[in-house]
Amino acid sequence: NDYFTFPLFKDEGLVLYNDFFGKRKIALTTYNPFKLYRGYTEMTKRLNGKSLDGNMTGEGMIQGGIVIFDNQGNARYAYEEIIGDELVIDDIVAALEDVANDEN
């Protein structure tokens with residue numbers, strides 16, 4: 001969609017994904033229907049506020065993540081997605097800064 005206007009790598013064959021995240025699947029964190037509904041509505045509100053839409057194709061039970069590589073193509077950091085939670089941007093920025101500082 002229009003939210004990501006910069007180049008991203010999509011692991012079509014899930015090769016990197018399987019190496020880093022080991023085929024993690026979504027699991028319920030609670031069986032309380034009220035908590036599940038509240039979590040879903042909070043996540044939907046956050047996505048709508050960012051003009052993001054959900055991915056309704058492919059394997060819907062696999063969790064993703066972010067892998068940060070250095071300029072040699074070596075994976076330096078990996079962050080696992082936690083469904084419904086926002087990414088910890090400060091940690092990702094710190095990892096990017098660390099990689100950039102090592103390359104100077």
Side-chain angles (χ1 to χ4, degrees):
N1 64 28
D2 296 332
Y3 190 81
F4 299 104
T5 58
F6 42 85
L8 292 173
F9 172 74
K10 184 175 181 184
D11 185 11
E12 296 285 349
L14 299 178
V15 175
L16 287 172
Y17 171 82
N18 290 334
D19 285 347
F20 285 100
F21 304 116
K23 301 181 182 181
R24 294 178 331 116
K25 301 278 185 175
I26 295 172
L28 289 178
T29 57
T30 181
Y31 289 101
N32 181 327
F34 298 107
K35 285 185 179 182
L36 289 171
Y37 179 75
R38 184 176 60 227
Y40 174 77
T41 56
E42 288 172 359
M43 182 177 57
T44 301
K45 183 188 296 184
R46 198 168 55 246
L47 290 174
N48 289 339
K50 295 178 180 182
S51 299
L52 290 171
D53 53 1
N55 176 0
M56 299 300 176
T57 61
E59 172 56 67
M61 297 302 290
I62 294 179
Q63 290 184 268
I66 294 176
V67 180
I68 298 172
F69 296 88
D70 62 19
N71 65 0
Q72 301 297 312
N74 300 311
R76 296 281 304 278
Y77 295 92
Y79 294 91
E80 295 180 347
E81 172 188 25
I82 299 172
I83 295 296
D85 289 358
E86 288 197 65
L87 294 172
V88 182
I89 298 299
D90 292 340
D91 289 351
I92 295 170
V93 169
L96 290 168
E97 290 172 346
D98 185 51
V99 170
N101 288 335
D102 283 352
E103 294 175 357
N104 291 331

(Q) Run the side-chain hydrogen bond (donor to acceptor under 3.5 Å, both in side chains) test against Tyr77 and tell me which residues pass, sequence neighbours left out. (A)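 Only Asp98 meet the side-chain hydrogen bond (donor to acceptor under 3.5 Å, both in side chains) criterion with Tyr77.
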Q: Applying salt bridge (Lys or Arg N to Asp or Glu O under 4.0 Å), name anything that partners Glu86, two or more places apart in sequence or on another chain.
A: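 With sequence neighbours excluded, Glu86 shows a salt bridge (Lys or Arg N to Asp or Glu O under 4.0 Å) to Arg46, Lys50, given in chain and number order.
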Can you give me every donor-acceptor pair (side chain of residues 64-71, partner residue at least two apart or in another chain, under 3.5 Å) with its distance?
unit_1	atom_1	unit_2	atom_2	d
Asp70	OD1	Gln72	N	2.9
Asp70	OD1	Gly73	N	3.1
Asp70	OD1	Asn74	N	2.9
Asp70	OD2	Asn74	ND2	3.4

Q) Same hydrophobic cluster for Leu36 and Phe34, using side-chain heavy-atom links shorter than 4.5 Å among ILVMFWY? A)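 Leu36 does not cluster with Phe34.
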Q: Group every Ile, Leu, Val, Met, Phe, Trp and Tyr by side-chain heavy-atom contacts under 4.5 Å, then state whether Leu87 and Val93 land in the same group.
A: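 Yes; tracing contacts between hydrophobic side chains, which count when under 4.5 Å, links both residues.
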